Undergrad: 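Take a look at the following structure, please.
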2 protein chains.
Amino acid sequence: MTARGPGRPTGGGDRRADILAAARAEFAANGFDRATIRGIARSAGVDAALVHHYFGTKQEIFAAAVEFPFDIATGLQTVFGGAPDGIGERLVRFFLGVWENPDSRRPVLAVLRSAMSQEQAAAMLREFVTAALLTPGAASLDVPTEEGRLRMELAVSQLMGVAVLRYVIGVQPLASTTVEELVTRLAPVVQAHFDGGCKGVAGG
Amino acid sequence: MTARGPGRPTGGGDRRADILAAARAEFAANGFDRATIRGIARSAGVDAALVHHYFGTKQEIFAAAVEFPFDIATGLQTVFGGAPDGIGERLVRFFLGVWENPDSRRPVLAVLRSAMSQEQAAAMLREFVTAALLTPGAASLDVPTEEGRLRMELAVSQLMGVAVLRYVIGVQPLASTTVEELVTRLAPVVQAHFDGGCKGVAGG
DNA sequence: GTCTATATCGTGATAGAC
DNA sequence: GTCTATCACGATATAGAC
């Protein structure tokens, strides 16, 4: 039963999923600007007009494509809920886990690529970082809010930079280093940001 | 003598500079894809055809626009030439100095924005990071090359992430923190990457 | 529900007048 | 050296047939 007749009885919902998957792949691979409706349609094996029919404008397709397919809040509850001195390692593991899994990498890669030159995507990333990372992270610290947010931002900067160099630019040897190796090297640094800096390393 | 007649005797070099400056601004503001020849021409107050006349294709304009107007190698010699335990602070100061000065920020912003979705710009960034940062940085360390490069990449990741969140995404309060404050917080972390990690912070 | 056809626009690039 | 005019192309988006 591979042949699909016109007016198929399933009532739709099949092609729509194909289009959404293709949109995720295209936006992740090319960013908002370079991704095209025609390309998404071709990749999904449907007509370009059908993409508009289901999702409307290109912006709306993008918004639908980058909605996280998993509950990210749950994962971050685990990160910030446990022992304070383990937040660094848990955050690094969570972050790398999202990026190593193709299903979750696609949306975040699409947002990151697009956020560089598209204000709406930048706003999405800004809001996500603020709501999902900075606010709960800062709240779990025993310092003033502004100080906590800055610490979190510096920690997130470290991880965001790794994402850019490892997953987008692909610089070696970082791009082929194992996750465990990265956890070993990054967790203490991220934790240090959390604890207010690496200054103590000099030993006084 | 503000009026310019046709066939002006200066022999050209005036409009060309205007176009180049406009191209820097447009590429920095929008990235490669969203920047347009017409937009550059409009911004420079000339015709679009003149842009092609001087610089050729859009790729060639981009290449001309992102050529650093200052000798970056000299600055990095200072960073890596001095005392090893000051590399962290000197690298952070150099990096932030480049990004805080509009003249030098424009080219690097253009490359960063474009590298996210344009393979040629990504290759430029990859080669620049490798040749100007990783290789001299790793060479100044007393560890195997591969290990030194990875340490440098993690240090650069920290700075790259700060650039993304501070200068592109504009997340607060990081975007409005003073340079000195950032140097204070980042230099030890970058230095720790250089020295092989923050592990010693726990004090044993 | 799906696709054909097309309207409308903006792009990069070129030829050639002045 | 500078600009007018235009080509060829691909984009988003829509109208409407089936």
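As the structure is a computational prediction, the values presented were derived from the model and not from experiment. Throughout, a chain's letter reflects where its sequence line sits, starting with A, and its residues are numbered from 1.
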Undergrad: B/I37 CD1 to D/dC3 C1': how many Å, rounded?
TA: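 About 16 Å, once rounded to whole Å.
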
Undergrad: Take atom CZ of B/F55 and atom P of C/dA13, then tell me their distance rounded to the nearest Å.
TA: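 Distance, rounded to whole Å: 14 Å.
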
Undergrad: Given D/dG1, C/dT2, C/dG12, which nucleotide is nearest the side-chain atoms of A/H53?
TA: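 Looking only at heavy atoms from C-beta outward on A/H53, the closest nucleotide is C/dT2.
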
Undergrad: Of the nucleotides D/dA13, D/dC3, C/dA13, which one has an atom closest to the side chain of A/T57?
TA: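 Given the options D/dA13, D/dC3, C/dA13, the side chain of A/T57 is closest to D/dA13.
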
Undergrad: So if I apply the side-chain contact (heavy atoms from CB on, under 4.5 Å) rule between A/L186 and each of A/E89, A/R93, A/Q158, which one comes out positive?
TA: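 Among A/E89, A/R93, A/Q158, the one that satisfies the side-chain contact (heavy atoms from CB on, under 4.5 Å) with A/L186 is A/Q158.
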
Undergrad: List the steps, then state whether side-chain hydrogen bond (donor to acceptor under 3.5 Å, both in side chains) holds for A/E60 with A/Y54.
TA: CA-CA 10 Å; A/E60 290 168 324; A/Y54 278 125; over 6 Å; no

Undergrad: Measure the distance from CD1 on B/I61 to C1' on C/dA13 and round it to the nearest whole Å.
TA: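 Rounding to the nearest Å, CD1 of B/I61 and C1' of C/dA13 are 10 Å apart.
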
Undergrad: Expressed as a whole number of angstroms, how long is the span from A/H52:NE2 to D/dA11:C1'?
TA: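 Those two atoms, NE2 and C1', are 10 Å apart.
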
Undergrad: Measure from the side chain of B/D47, starting at C-beta and using heavy atoms only, and say which of C/dT11, C/dC3, D/dC3 lies closest.
TA: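 Between C/dT11, C/dC3, D/dC3, the one nearest the side chain of B/D47 would be D/dC3.
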
Undergrad: Starting at CZ of A/R34 and ending at C1' of C/dT11, how long is that distance when rounded to a whole Å?
TA: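 Between C1' of C/dT11 and CZ of A/R34: 14 Å.
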
Undergrad: Quick check: closest heavy atoms across A/A138 and A/G148, and the distance to 0.1 Å?
TA: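 Closest heavy-atom pair between A/A138 and A/G148: CB-C, 3.7 Å.
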
Undergrad: Just wondering, do A/H193 and A/E153 contact through their side chains at under 4.5 Å, heavy atoms?
TA: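 No. Closest side-chain heavy atoms not under 4.5 Å.
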
Undergrad: So B/F194 and B/M152, do their side chains get closer than 4.5 Å, heavy atoms only?
TA: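 With C-beta onward as the side chain, the pair touches.
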
Undergrad: What is the distance, rounded to the nearest whole Å, between atom CZ of A/R42 and atom P of D/dG10?
TA: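 To the nearest whole Å, that distance equals 10 Å.
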
Undergrad: Please report, rounded to the nearest Å, how far the P atom of C/dT11 is from the CZ atom of B/F32.
TA: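 Those two atoms, CZ and P, are 14 Å apart.
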
Undergrad: Taking the side chain of B/R38 as its heavy atoms from C-beta onward, which of C/dA13, C/dT4, D/dT2 lies nearest to it?
TA: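 For B/R38, the side-chain atoms sit closest to C/dA13.
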
Undergrad: For a quick test of reading the model: is some side-chain N or O of A/Y54 closer than 4.0 Å to OP1 or OP2 of C/dG1?
TA: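 Checking A/Y54 against C/dG1: no side-chain N or O falls below 4.0 Å of OP1 or OP2.
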
Undergrad: Scan B/A35 against the nucleic acid and name what it touches under 4.0 Å (heavy atoms): base, sugar-phosphate only, or nothing.
TA: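 The answer is sugar-phosphate, as B/A35 gets under 4.0 Å only of primed atoms, P, OP1 or OP2.
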
Undergrad: Considering heavy-atom distances to DNA chain D, does A/G39 or A/A48 have its closest nucleotide positioned more toward the 5' end?
TA: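 The answer here is A/G39.
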
Undergrad: Counting only side-chain heavy atoms from C-beta out, which of D/dA13, C/dT4, C/dT11 sits nearest to A/K58?
TA: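 From the listed options, D/dA13 comes nearest.
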
Undergrad: Taking only N and O in the side chain of B/R15, is any of them less than 4.0 Å away from OP1 or OP2 of D/dC3?
TA: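 For D/dC3, OP1/OP2 do have a side-chain N/O of B/R15 under 4.0 Å.
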
Undergrad: To the nearest angstrom, how far is A/L50 atom CG from D/dC18 atom C1'?
TA: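 Nearest whole value for this atom pair: 14 Å.
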
